[in-house]
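Counting starts at 1 for both ligands and their atoms, in listed order. Just so you know, these numbers come straight off a predicted model, no measurement behind them. Heads up: numbering here begins at 1 and tracks the sequence. Side chains are part of it too, since the values below use all heavy atoms of this structure and drop only hydrogens, waters and symmetry mates.
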Amino acid sequence: MRSTALITGGAQGIGRGTVAFLLDRGWRVMVLDCDHQALEELAAERRDDALRVAAVDVGDEDRVAEAFQALRAWQEQDGQPAGLDLLMNNAGIADPVSGPLESLSLEDWRRWQDSHLTGAFLCSRAAVPLLRARQGVIVNIASTRALQSEPHCEAYAAAKGGLLALTHALAISLGPDIRVNAICPGWIETGPWQRRARRSHPQHSQTDRRQHPVGRVGVPEDIAATVAFLASDQAGFITGQQFTVDGGMTCKMIYQD
Ligand code: NAD
């Protein structure tokens with residue numbers, strides 16, 4: 001039996017980097033994403049029987065239910081026992097800036113909450129029976145912005161803070177069968193992992209690099225490797241925790257002149 005992961009927002013960016021990381025290590029991966037073009041490109045570029053993609057807005061209850069039915073059908077068709085080893089709740093509006101509070105509409109506020117937090121709730125709820133079948137794990141992708149802020153990021157910060165709270169709540173409710181942890185990525189360069197029309201290969205300035213104690217900006221593989229560790233038996237004593245993966249950026253004290 002091969003390990004199976006479901007990754008939301010896996011058509012681009014950190015999610016896509018994690019899809020590649022796990023496929024390269026023999027996992028079967030199902031990707032849920034709302035960007036049809038990015039999904040098509042992923043499926044075309046990674047022709048692999050171990051990969052399935054589904055066009056789903058993770059904030060839509062019915063579409064999420066359909067996607068989990070499709071996952072079961074795929075496993076049945078391939079003679080794999082029903083179950084899930086990893087749910088990575090990664091999808092969400094990646095832009096942290098929702099604008100000045102006075103002009104932030106309720107509709108926009110809800111878009112951020114639905115894509116990050118409601119999506120994680122709906123996918124986790126749907127995944128529980130499958131995760132229980134394999135003693136699987138949930139990894140929620142939060143952000144260092146759950147812990148500190150720039151101006152005008154209220155909707156994003158609140159959604160990510162909610163994900164950290166959801167993480168410890170789920171860990172308590174779902175243990176011992178299912179472990180649940182969160183990762184708080186810092187600055188992760190996702191340009192090379194976007195769909196073709198948006199793909200870029202930025203050169204980071206010395207200032208960009210130097211504000212990270214490790215001397216560089218992050219890459220999706222940094223997060224993928226942490227996800228894979230948290231999904232492994234070596235992490236069997238870890239649940240309800242949040243891990244900052246930011247090259248040390250949030251440890252750096254800043255005194256202004
Ligand atoms: P990205 O935009 O490159 O990828 C996000 C993917 O999620 C996209 O393919 C998008 O289509 C999909 N998506 C967005 N809303 C969705 C929805 N409602 N339903 C289904 N799919 C949806 O972004 P990224 O930078 O790779 O970010 C991935 C996650 O990591 C996000 O949760 C983001 O907040 C978080 N994060 C990113 C960084 C960073 O520096 N890149 C830092 C901290 C946290």
Side-chain angles (χ1 to χ4, degrees), residues 6-21 30-43 53-64 66-67 87-98 108 110-123 126 139-150 153 155-164 166-167 182-200 202 204 208 211-212 216-224 226-227 242-247 249-250:
L6 189 145
I7 300 182
T8 70
Q12 296 173 101
I14 291 171
R16 181 158 178 183
T18 308
V19 171
F21 190 95
M30 177 140 184
V31 171
L32 274 48
D33 203 291
C34 62
D35 187 322
H36 294 239
Q37 182 61 33
L39 281 175
E40 261 178 44
E41 290 182 17
L42 168 63
V53 302
V56 174
D57 179 335
V58 293
D60 183 325
E61 189 173 23
D62 292 340
R63 298 286 90 75
V64 169
E66 285 168 15
L87 167 65
M88 177 182 178
N89 286 315
N90 164 78
I93 299 170
D95 183 354
V97 182
S98 48
D108 278 347
R110 284 184 173 145
R111 282 197 312 118
W112 261 273
Q113 308 314 314
D114 283 353
S115 68
H116 291 282
L117 191 50
T118 308
F121 153 62
L122 291 174
C123 290
V139 179
N140 294 322
I141 303 301
S143 170
T144 49
R145 290 173 186 271
L147 310 167
Q148 55 177 185
S149 288
E150 290 181 298
C153 296
Y156 185 88
K160 292 307 198 183
L163 273 175
L164 294 185
L166 182 66
T167 298
I183 298 173
C184 295
W187 177 359
I188 307 297
E189 179 54 64
T190 61
W193 296 89
Q194 298 300 313
R195 66 173 146 99
R196 274 196 293 279
R198 284 207 219 123
R199 206 164 286 170
S200 64
H204 298 115
D208 293 341
Q211 61 188 306
H212 295 82
R216 66 172 174 85
V217 171
V219 292
E221 291 88 336
D222 293 318
I223 306 304
T226 312
V227 172
Q242 60 202 49
F243 295 90
T244 296
V245 181
D246 71 342
M249 189 170 166
T250 50

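In summary, R198 and D35 engage in a salt bridge, as defined by a charged side-chain N under 4.0 Å from a carboxylate O.
Residues passing the ring-ring contact (aromatic ring centres under 6.0 Å, His included) test with H36, sequence neighbours excluded: none.
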Item to complete: Please report the C-alpha distance between T8 and M88 in whole Å, then the side-chain angles of each, then the deciding distance to 0.1 Å, and finally whether the side-chain contact (heavy atoms from CB on, under 4.5 Å) criterion is met.
Response: CA-CA 6 Å; T8 70; M88 177 182 178; over 6 Å; no

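Between the side chains of R196 and Q37, no donor-acceptor pair is found at a separation under 3.5 Å.
Pocket lining of ligand 1, defined as residues with a non-hydrogen atom under 4.0 Å away: G9, Q12, G13, I14, D33, C34, D35, V56, D57, V58, N90, A91, G92, A94, S115, H116, I141, A142, S143, Y156, K160, P185, G186, W187, I188, T190, Q194.
A donor-acceptor pair is defined here as one N or O able to donate and one able to accept, closer than 3.5 Å; such a pair exists between the side chain of T226 and the backbone of D222.
Counting non-hydrogen atoms of neighbouring residues, nucleotides and ligands closer than 6.0 angstrom, the CZ atom of R110 reaches no more than 12 such neighbours.
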